[in-house]
Amino acid sequence: MQKSNEKVRVRFAPSPTGGLHLGGVRTVLYNYLFAKKNGGKFILRIEDTDQTRFVDGAEQYIYDCLKWCGLEPDESPLHGGDYGPYRQSERKASYREYAEQLVKNGNAYYAFDTTQDLEEMRANFKTDLNPSPQYDAHVRMKMKNSLTLSPEEVDNLLKTNTPHVIRIKMPSNEMISFTDMIHQEVSFDSNTVDDKVLLKADGMPTYHLAVVVDDYLMKITHAFRGEEWLSSAPVHILLWKYLFGLDQMPQWAHLPLILGPNGKLSKRDGAKFGFPVYAMNWTDPRSNEFTEGFKEKGFLPSAFVNLLALLGWNDGTEKELFSLDELIHQFSIERVHKSGAKFDYEKAKWFNQEWIKQSVADELLSDVKQILEAKDVIITDVDFLKSIIELVKDRCVLMTDFYEQSVYFFKAPQTLDIEAVKPKWNKAKSDFFSEFCTQLEASNDWDTITIETIFKNLATEKNIKPGELQLPMRIMLVGGKFGPAVFEIANKIGKAATINRINTTLVELNH
RNA sequence: GCCGCGUUGGUCAAGAGGUUAAGACGCCUCCCUUUCACGGAGGAAUCACGGGUUCGAGUCCCGUACGUGGUACCA
């Protein structure tokens, strides 16, 4: 089945109907990794055959997400390529030809049933044992189609442009089986599969026809998709057999689903449990419904890709942190799991934290700068910012945490956790800080050691334990009980700001 | 209902007939640190159930249960 001398070509084929969720990005990732690992091509194809669901901006959004993730396609409507068009709507005319060919060969037929006819059929055949009757061998001879109508009638209907679809004619008593790269042998009894519509009344193909025709025309060698497609695989297998031959068919890989806290992961889960579901922020232009993205939530693309890769795959060792390059090197489809995985936001955050920790300031700089500037922090000295990043990055889980972890290096805290010191505050401590300011003012040097030495000597002199004074000082400089060593902070913010912040707080405490 | 796929701690998972059933996240305890983190040391917690096969089963087979997907002129 695998054409060993042919170049690996894989595709991700989303429909431009809305945001790109976790599962979608992971499908992209596995496609990408497989292609790069095998020196092949990764193709992006836009499946825009459902004109009623088309959403403005959704296609551009997909490019943006792939770009952010660092998973850019080799061929796409945007990137070009030799196997275009890369948008299914632009291939409309040829689908009809393939569908007609199937009719001619007796593997498909015209159906003239109206929506109403179908509803009636479903109502009439509905029983307790069969709550959703299908358009299949049991009913097709009772419907209005080219199997039941005379050739003249069919001809006439066609000539008068009567709305119609083309349906596949499922054979009886046939075992349809194939080897999935993940599930191994999968088989279906053709009697349980219905006569799926291949070509819609508007002349557009359904997914079933389009995916087969396009994969053939684009010379796709391996087809990765979510497991929700597994049950329609028999239709695709048959189409390949009828149209192009099974020896031309790509190898299938049905990827396990990513689940939410209770079942299938939905954007609702994200809103409900407070975690992002889409790669990037997305606002539906129709409903104005907003769905949060991993990017804006504060995830690093490297962490996002890493955590997605590990949701359904691992290399068999204890290693969990992988760069994209390492993933390309280590990835193997054989080690992709069969079963769905529940998405765990806590673990996702851990991946991000690890990536922040192992990044150097330079790599984080532009993102952090942007985050701070968006919140009106003015950055004048980039090197200073870099040193701050080094100082606080171990405390950040999300990139957005850099704001609260570093604002106080740039401006005096807006709110002070006075309650943290007030209970143990007294005149002696107050005097200590006044004197401390005087001594700082007089000092010619300004570095961590000097500040700490002055502080400790004075504390000893006043007979107060330095430890009891450190928390108040922290509150004065930072505003809360967090951050790196206080003397380091004092050093960074400078003499003037340090003295100023101490004095300001002193006023408030002694009030 | 029918069809498909799946089932190792709360979550992600290693495991391919013989192991004290790895590891990670989360949780708890302690150490480091008179802040918060990082880091370090420990701890609690698992093979869905029932039958086989076998000297021996988390691993193989069959049932059951549960989960999940499909059952559209949506993808």
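These figures come from a predicted structure and were not determined experimentally. Values below: all heavy atoms of this structure, side chains included; hydrogens, waters and symmetry mates excluded. Sequence lines set the chain letters: A, B, ... in the order given, protein chains first and strands last, and positions in each chain run from 1.
In this entry the base of B:rC61 is anti relative to its sugar, with a glycosidic angle more than 90° from 0.
A donor atom on one side chain and an acceptor atom on the other are not found under 3.5 Å apart for A:Asn31 and A:Arg11.
Applying the Watson-Crick and G-U wobble criteria (two distances, each under 3.5 Å), B:rG67 pairs with B:rC5. With both pairing distances under 3.5 Å, B:rA45 is matched to nothing as a Watson-Crick or G-U wobble pair. Nucleotide B:rG18 forms a Watson-Crick or G-U wobble pair with B:rC55, both donor-acceptor distances falling under 3.5 Å. A 3.5 Å limit on both hydrogen-bonding distances identifies B:rG23 as the Watson-Crick or G-U partner of B:rC12.
At B:rC74, none of the side-chain N or O atoms of A:Lys196 fall inside 4.0 Å of OP1 or OP2 (strictly under the cut-off). An OP1 or OP2 oxygen of B:rG4 is reached within less than 4.0 angstrom by no side-chain nitrogen or oxygen of A:His183. Side-chain nitrogen and oxygen atoms of A:Gln353 include at least one within less than 4.0 Å of the OP1 or OP2 phosphate oxygen of B:rC38. Neither OP1 nor OP2 of B:rC12 sits under 4.0 Å from any side-chain N or O of A:Asn314.
Between B:rC30 and B:rA48, the two P atoms lie 35 Å apart (nearest whole Å). Straight-line distance between the P atoms of B:rG52 and B:rG58: roughly 15 Å, to the nearest whole Å. Between the P atoms of B:rC61 and B:rU53, the separation comes to 15 Å (whole Å). Comparing B:rU59 with B:rU54, their P atoms are spaced 16 Å from each other, to the whole Å. Rounded to whole Å, the separation between the P atoms of B:rG51 and B:rA45 comes to 26 Å. For the P atom pair drawn from B:rU71 and B:rA14, the interatomic distance equals 30 Å after rounding to whole Å. B:rG50 and B:rA65 are spaced 15 Å apart, taking the P atom of each and rounding to whole Å. If you take atom C1' in B:rC27 and the same atom in B:rU46, they sit 16 Å apart, rounded to whole Å.
Minimum atom distance to the side chain of A:Glu318 is reached by B:rG23, of the listed B:rG23, B:rG39, B:rA75.
Salt bridge present: A:Lys241 and A:Glu174 bring a charged side-chain N and a carboxylate O closer than 4.0 Å. By the 4.0 Å N-to-carboxylate-O rule, A:Asp344 lies too far from A:Lys342 to be salt-bridged with it.
The base of B:rA24 is paired with the side chain of A:Lys347 by a donor and an acceptor separated by under 3.5 Å.
Remark: A:Lys347 is positioned above the aromatic ring of A:Trp350, its terminal NZ or CZ atom under 6.0 angstrom from the ring centre and at most 45 degrees off the axis.
No engagement by A:Ser232 is indicated, since no non-hydrogen atom pair under 4.0 Å with the nucleic acid exists. Note on A:Asp50: only backbone sugar-phosphate atoms sit closer than 4.0 angstrom, heavy atoms only; bases stay farther off. Counting any heavy atom pair closer than 4.0 Å across all strands shown, A:Ala485 reaches a base atom. Here A:Gly312 lies in heavy-atom contact (under 4.0 Å) with sugar-phosphate atoms only. In this structure, A:Thr49 reaches the sugar-phosphate backbone alone: every heavy-atom distance under 4.0 Å involves primed, P, OP1 or OP2 atoms, never a base.
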Taking N or O atoms only and anything under 3.5 Å, show me the protein contacts with nucleotides 40-46 of chain B, one pair per line.
none

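Just one of A:Arg167, A:Lys196, A:Met170 meets the side chain to side chain contact (heavy atoms under 4.5 Å, CB included) condition when paired with A:Tyr135; it is A:Arg167.
Taking the side chain as every heavy atom from C-beta outward, A:Lys169 and A:Asn107 never approach each other to under 4.5 Å. By the 4.5 Å heavy-atom criterion applied to side chains, A:Trp240 and A:Leu243 are not counted as neighbours.
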- Query: What's the verdict on ring-ring contact (aromatic ring centres under 6.0 Å, His included) for A:Phe273 and A:Tyr345, showing C-alpha distance, side-chain angles and the deciding distance?
  - Reply: CA-CA 9 Å; A:Phe273 298 97; A:Tyr345 188 48; over 10 Å; no
